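Just so it is clear, the model here is predicted, and its values are computed rather than measured.
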Amino acid sequence: MPSRRTVLAATAGVTAALAVGGPAHADERRPRALLSRMTLEDKVGQVFVSRVHGHSATAPDPADADANLADFGVRTGAELLARYRLGGVVYFAWAHNTRAPRQIADLSDGLQRAALRQPRGLPVLISTDQEHGAVCRVGRPATLFPGAMAMGAGGSRDDARTLGRIAGRELRAMGIRQNYSPVADVNVNPANPVIGVRSFGAGPDAVASLVAAEVEGYRAAGVAATAKHFPGHGDTTVDSHTGFPVITHTRQEWEALDAAPFRAAIAAGVDCLMTAHIVLPSLDASGDPATLSRPVVTGLLREELGYDGVVVTDALDMAGVRTRYGDDRVPVLALKAGVDQLLNPPRLDVAFNAVLKAVRDGELTEGRLDEAVLRILRLKERLGLFDDPYVGPAGAARTVGSPEHLAAADLLAERTTTLLVNEGRTGRERGERGTGGSKGDGGVLPLSPRTHPTLLVVGADPASPTGTTGPPTGVLAAALAAQGFRTTTLPTGTAPSAETIAQAVAAADGVAAVVVATYNVTADSAQKTLVERLSATGRPVIAVAVRNPYDVAHLPSVTACLATYCWTDVELRTAARVIAGVVRPQGKLPVPVQRADDPTRVLYPIGHGLT
């Protein structure tokens with residue numbers, strides 16, 4: 001492997017080409033002309049992407065106006081853009097930005113009007129986290145697709161491209177031109193508390209293929225995809241929202257496990273990459289998180305991987321980036337590292353003034369700032385924001401959640417549900433763990449309303465992902481009832497008490513079978529006890545792992561087990577159709593499931609899935 005000095009020398013020409021004075025890009029005349037007229041304050045504003053509270057740019061609800069006043073010293077989004085000349089705004093459901101498609105389009109247009117009416121006004125780049133699955137900021141009636149790990153179970157590049165194209169079309173109709181998706185992390189650690197099912201899987205090449213396809217879909221829709229979280233957040237037991245993750249991969253392990261999806265995203269023309277608030281000592285021994293690391297952002301991403309698109313930080317209000325430095329230092333260090341966009345600083349006034357001061361004091365060169373701004377302006381040019389920044393509510397109402405889009409989501413989901421276990425009475429009597437099989441091989445699934453007319457639906461009801469119907473037990477019961485079963489629902493939660501377990505066991509008396517939704521089962525989980533007690537009744541117990549497929553390792557007593565990889569409506573409806581035999585299970589595990597009694601051994605390998 002070449003030394004750091006050799007790599008830097010060999011890439012000196014590349015670095016020069018990335019500078020503002022280097023060769024022009026294809027559509028760069030307008031961005032360069034705009035940059036030449038900007039004040040220093042304009043430039044500093046362009047690198048920031050901030051939240052704003054409220055459903056309207058000019059008339060938020062009183063509580064949201066008060067929140068804006070507390071956070072920013074202004075009452076509206078329009079006033080925020082006027083004060084800081086922001087380059088971007090990020091939407092959140094909790095900030096009341098995403099109530100309905102027409103409202104979102106109106107908010108987007110209002111923010112664009114406010115930005116463009118300023119002296120030297122520039123359109124604003126509006127973004128959100130619409131990963132699908134567990135993370136969605138825009139809920140119903142928008143089309144909600146299966147999450148990344150479910151798509152990994154489907155394994156179809158065409159489906160991933162379709163997801164990106166349809167999701168991008170809906171986002172663009174609401175004025176959202178930048179999406180913080182897809183997740184390019186390879187989830188090789190089952191204990192990962194922050195990525196997990198947000199990843200396509202544990203196989204680097206498979207993840208790379210789906211990341212590239214989804215990027216292609218978003219590009220076709222005219223939306224900037226953002227592959228995240230560079231250099232890879234898949235092997236951690238610490239959540240960077242609340243802690244300071246350290247990943248101990250060697251450089252060789254990073255190349256083997258983490259690099260491929262980011263290389264594939266770059267090759268597919270991804271517009272943006274998001275940094276991770278993780279420490280990877282083999283890439284930078286300083287102890288700084290990747291977001292603030294010049295060796296990672298400039299040395300590795302820019303110079304070695306040759307990436308010249310926009311680099312955006314993960315949110316700057318997260319603990320992983322605030323552990324070593326104050327909120328005034330973080331944005332300056334990120335820009336010095338080579339980042340272009342600074343996402344959601346906790347104190348915008350502190351961050352803005354810190355960057356302004358760093359340039360005036362000479363710590364941060366205006367040339368480095370110009371590089372960042374020019375990349376952002378190039379992206380706005382490519383997305384058509386200078387020529388057509390407005391969308392209008394009618395287009396959003398017509399496009400978002402259209403019958404064609406909803407039908408496509410259902411079809412994609414039908415190719416993702418994974419049947420992990422399907423045993424018959426004989427296997428249970430022997431106490432053996434069979435390999436499963438079809439109904440013809442003695443498996444209990446599919447169930448028929450004729451042979452199993454009554455079902456008890458119990459289990460975990462985690463807070464539903466944004467905008468889904470929920471709770472999971474209710475959605476499952478309704479979907480099974482639509483298939484002709486008579487259902488009784490008893491939510492038991494993620495930590496059922498002894499009394500609740502006893503109620504579930506009593507409710508199982510007289511039904512033909514039990515369907516139980518499980519959510520992140522562990523060795524000492526009360527959910528495991530619930531399943532064991534229900535299995536002891538002699539009724540067939542069908543577990544539906546509504547988040548991690550790893551649940552199955554802790555459920556040896558179940559008659560059948562499905563993995564849906566998330567608990568949104570589209571996945572739960574498909575699970576019900578699989579249980580009823582209306583849909584054939586096609587998904588294959590995109591991650592291995594280790595044995596509960598010996599995690600060094602694999603219970604079900606990547607690719608396992610019954611039909």
Nearest non-hydrogen partners of V52 and N97, listed with the distance: O-ND2, 2.9 Å
Kindly give the heavy-atom pair with the smallest separation between A184 and V211, and that separation in Å. CA-CG2, 3.8 Å
Per the side chain to side chain contact (heavy atoms under 4.5 Å, CB included) rule, which among V373, L342, L369 passes with V44? L369
Y218 versus D271, side-chain donor and acceptor atoms under 3.5 Å: no
Does the pair R375/D308 count as a salt bridge with the N-to-O cut at 4.0 Å? yes
Determine whether D66 and R75 satisfy the following criterion, side-chain contact (heavy atoms from CB on, under 4.5 Å), listing intermediate values before the conclusion. CA-CA 7 Å; D66 290 343; R75 300 191 69 82; 3.1 Å; yes
Does a side-chain N-to-carboxylate-O contact under 4.0 Å join R360 and E41? yes
For R219, is there an ion pair with E216 - N to carboxylate O distance below 4.0 angstrom? no
Determine whether the side chains of D185 and H229 contain a donor N or O and an acceptor N or O closer than 3.5 Å. yes
Can you run down the ring-ring contact (aromatic ring centres under 6.0 Å, His included) pairs that involve residues 111-141, sequence neighbours left out, and say none if there aren't any? H132-F145
Checking R120 against R85 for the side-chain contact (heavy atoms from CB on, under 4.5 Å) test, could you report, in this order, the C-alpha distance in whole Å, the side-chain angles of both residues, the deciding distance, and whether it holds? CA-CA 10 Å; R120 302 169 307 282; R85 311 300 302 277; 3.6 Å; yes
Would E366 and L40 count as a side-chain contact (heavy atoms from CB on, under 4.5 Å) here? Give the steps. CA-CA 8 Å; E366 192 163 356; L40 177 58; 4.2 Å; yes
State plainly whether the residues D71 and R51 are in salt-bridge range, i.e. N to O under 4.0 Å. yes
Is there a side-chain contact (heavy atoms from CB on, under 4.5 Å) between Q112 and I126? Walk through the geometry before answering. CA-CA 9 Å; Q112 297 293 3; I126 297 170; 4.1 Å; yes
Partners meeting salt bridge (charged side-chain N to carboxylate O under 4.0 Å, His left out) with R547 (sequence neighbours left out): none
